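A quick write-up on the structure given underneath.
None of the values given here were measured: they were computed from a predicted structure. Every chain is numbered from 1 and lettered A, B, ... according to where its sequence line falls, protein lines coming before strand lines.
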2 protein chains.
Amino acid sequence: MTIDTLNADTPAAARPLPVLNACCVPTSTMGDDDAVSLAGMFKALADPARVKILSMLLNADEVCACDVSDGIGKTAATTSHHLKLLRDAGLVTGDRRGTWVYYRVVPERLAAIRDALALTR
Amino acid sequence: MTIDTLNADTPAAARPLPVLNACCVPTSTMGDDDAVSLAGMFKALADPARVKILSMLLNADEVCACDVSDGIGKTAATTSHHLKLLRDAGLVTGDRRGTWVYYRVVPERLAAIRDALALTR
DNA sequence: ACCTTGTTTCGACGTTCATCTAAGCACTGA
DNA sequence: TCAGTGCTTAGATGAACGTCGAAACAAGGT
């Protein structure tokens, strides 16, 4: 009869350590800053319109803002708003060339999201 | 003097087709359903608390709900709310074993997000 | 200088969200 | 059967969000 049998029904994470309360060994938690930063990127993608925009940009390597408006079926004002959110999150960049503004993805930022979602075990 | 020179400053996506208005060839757009579905998963991750939860689950393969509460520093009620959103999005599953509920990630869903963010060119 | 067209900003409106407290449900052990 | 503990649901509240029309700004062409 050991501690193991006493704690037989405790969570897996808690089992290695003999603690009084059954359920309180904290799993290593991500830092606040990282969590906020990642959540910010996810928030930037948390709307169908912006997902569509990203999809357009992933398929075309460069897209004019006016095409984005048509592609997502939203007002120019609304489209500009969404593009700003994506820009602020660092997921896309836009540069003006004459009358038009051209947008492209920022591959490194997308890679950062992909990495964060990778299984570590 | 051809159409090409006339449209020399049109967006790249528009160039192949000789159209009257300079800027209106729609890039292939993702379907509404896919966009909504993907945005739903991103929305589920669009909060630091839920990012932390996912991080815990990615590192531990199974975590008790009570550990989640401690890990993210939120009320049990708030934690349960966040876990429900993650469950509804299909990103995690939880099963009750006796008193406690154990959560784990759903790798296929995370893979779906990763795939959606992959560059196609 | 003007007018036209593409883009962004502003202000407003209704909706959704994160959080808490309090109450309910699920399970265990005495 | 009852008390205690973990988890979820309900209701309320203040903040953030998506959308649009209107106005402002930027560039180009006449």
Any Lys74(A) side-chain N or O less than 4.0 Å from OP1/OP2 of dT19(D) | yes

Arg87(A) side chain near dT8(C) phosphate (N/O to OP1/OP2, under 4.0 Å) | yes

Classify the nucleic acid contact of Thr78(B) as base, sugar-phosphate or nothing, counting any heavy atom under 4.0 Å across all strands shown.
-> base

Hey, is the side chain of Arg50(A) poking within less than 4.0 Å of OP1 or OP2 on dG18(D), counting only N and O atoms?
-> yes

Are Arg96(A) and dG6(C) close enough that a side-chain N or O sits under 4.0 Å from OP1 or OP2?
-> no

Can you check salt bridge (charged side-chain N to carboxylate O under 4.0 Å, His left out) on Asp95(B) and Arg104(B), steps first, answer last?
-> CA-CA 9 Å; Asp95(B) 70 306; Arg104(B) 30 181 17 128; 5.5 Å; no

Given atom CH2 of Trp100(A) and atom C1' of dT8(C), what is their separation to the nearest angstrom?
-> 17 Å

dA26(D) P sits how many Å from Tyr102(A) OH, rounded?
-> 19 Å

Please report, rounded to the nearest Å, how far the P atom of dG18(D) is from the NZ atom of Lys43(B).
-> 8 Å

Pick base, sugar-phosphate or nothing for Ser80(B), based on heavy-atom distances below 4.0 Å to the nucleic acid.
-> base

Under 4.0 angstrom between Lys84(A) side-chain N/O and dT9(C) OP1 or OP2 | no

Take atom CG in Asp33(A); do more than 12 heavy atoms of anything else shown fall under 6.0 Å from it?
-> no

Ignoring backbone atoms, establish whether His81(A) has a side-chain N or O less than 4.0 Å from OP1 or OP2 of dT9(C).
-> no

Verify the contact: side-chain N or O of Thr75(A) to OP1 or OP2 of dC20(D), cut-off strictly under 4.0 Å; return yes or no.
-> yes

